[in-house]
Amino acid sequence: MKKTATKTKKETKVIDAAGRPLGRVASEAATYLIGKNTPAYERNVFSGCPVRVVNASQIEITEKKLGDLQHLRYSGHPGGLRTDKGMHTAAKKGMKELVRLAVDRMLPKNKLRKEMVKHLTVEN
């Protein structure tokens with residue numbers, strides 16, 4: 001028998017990212033998505049709430065940090081490892097993608113991860 005969380009309507013948590021560091025915003029969003037702030041937290045059941053991050057373009061990040069960030073992609077083929085710097089990701093896809101990647105990589109690496117990421121929205 002599969003466990004499921006209660007089907008109550010959960011309120012959306014809104015996180016204002018203006019003037020805050022990327023890691024602080026991402027860790028707060030990840031905590032809400034995982035559901036660790038609720039009394040009904042279970043590791044094997046999605047008990048989190050939807051999260052909306054606003055003002056992602058005004059997030060505080062230094063030029064040095066953007067240069068140091070590396071995003072790795074692997075195609076599965078020999079020699080298929082690709083790296084992108086944070087500044088290239090921000091220029092090509094915007095700060096919204098940097099926030100989404102930071103939150104995604106702070107979530108647990110299990111089968112509930114895709115469901116948690118579906119409940120994340122990032123806005124400029």
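Everything numeric in this text was worked out from a predicted model, so none of it was measured.
- A donor-acceptor distance shorter than 3.5 angstrom exists from the side chain of Lys109 to the backbone of Arg105, with no hydrogens or angles considered.
- The shortest heavy-atom contact between Arg24 and Ser27 is O-OG, 3.1 Å.
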Inset, instruction - Would you please test Ile59 and Val99 for side chain to side chain contact (heavy atoms under 4.5 Å, CB included) and show each step? - result: CA-CA 9 Å; Ile59 209 157; Val99 173; 3.9 Å; yes
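- Residue Val54 is not grouped with residue Val117 when hydrophobic side chains (ILVMFWY) are merged at heavy-atom distances under 4.5 angstrom, including chains of intermediate members.
- Linking Ile, Leu, Val, Met, Phe, Trp and Tyr whenever their side-chain heavy atoms come within less than 4.5 Å leaves Val51 and Met106 in two separate clusters.
- Across Glu11 and Cys49, no two heavy atoms sit closer than the pair O-CB, 3.7 Å.
- Here the OG atom belonging to Ser57 is positioned 12.0 Å from the CG atom belonging to Leu98, to the nearest 0.5 angstrom.
- Taking each heavy atom of Ala90 and Met95 in turn, the nearest pair found is CB-SD, 4.0 Å.
- Met87 contributes atom CE, which lies 9.0 Å from atom CG of Leu69 (distance to the nearest 0.5 angstrom).
- The aromatic ring centroids of His119 and Phe46 lie less than 6.0 Å from each other.
- Here the closest non-hydrogen pair linking Asn44 and Leu112 is C-CD1, 3.7 Å.
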Inset, instruction - Show the numbers, then the answer: is there a salt bridge (Lys or Arg N to Asp or Glu O under 4.0 Å) between Glu115 and Lys118? - result: CA-CA 5 Å; Glu115 188 174 352; Lys118 284 180 190 176; over 6 Å; no
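- The residues Glu123 and Arg52 are annotated as salt-bridged, a charged nitrogen and a carboxylate oxygen being separated by less than 4.0 angstrom.
- Residue Asn110 holds its CG atom at 12.0 Å from NZ of Lys114, rounded to the nearest 0.5 Å.
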Legend entry - Test side chain to side chain contact (heavy atoms under 4.5 Å, CB included) applied to Val103 and Leu101, step by step: CA-CA 6 Å; Val103 173; Leu101 283 171; over 6 Å; no
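- The existence of a salt bridge linking Asp104 and Arg113 is confirmed by a sub-4.0 Å separation between a basic side-chain nitrogen and an acidic carboxylate oxygen.
- Between Ile61 atom CD1 and Arg20 atom CZ the span is 14.0 Å, to the nearest 0.5 Å.
- Here the straight-line distance linking atom OG1 of Thr89 with atom CG of Leu66 works out to 9.0 Å at 0.5 Å rounding.
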Inset, instruction - Report the C-alpha separation of Asp84 and Gln70 in whole Å, then their side-chain angles, then the decisive distance to 0.1 Å, and conclude whether the side chain to side chain contact (heavy atoms under 4.5 Å, CB included) test is met. - result: CA-CA 6 Å; Asp84 287 335; Gln70 284 192 351; over 6 Å; no
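- No continuous path of hydrophobic side-chain contacts links Val14 to Leu120 [ILVMFWY only; heavy atoms under 4.5 Å].
- Atom NZ of Lys85 sits about 14.5 Å away from atom NZ of Lys92, to the nearest 0.5 Å.
- Remark: Lys13 does not engage Glu28 in a salt bridge, criterion side-chain N to carboxylate O under 4.0 Å.
- With Lys36 contributing its side chain and Tyr41 its backbone, the two residues share no donor-acceptor pair below 3.5 Å.
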Inset, instruction - Evaluate the side chain to side chain contact (heavy atoms under 4.5 Å, CB included) criterion for residues Leu81 and Arg73: first the C-alpha distance (whole Å), next the side-chain angles of each, then the deciding distance (0.1 Å), finally the verdict. - result: CA-CA 6 Å; Leu81 183 65; Arg73 294 176 292 137; over 6 Å; no
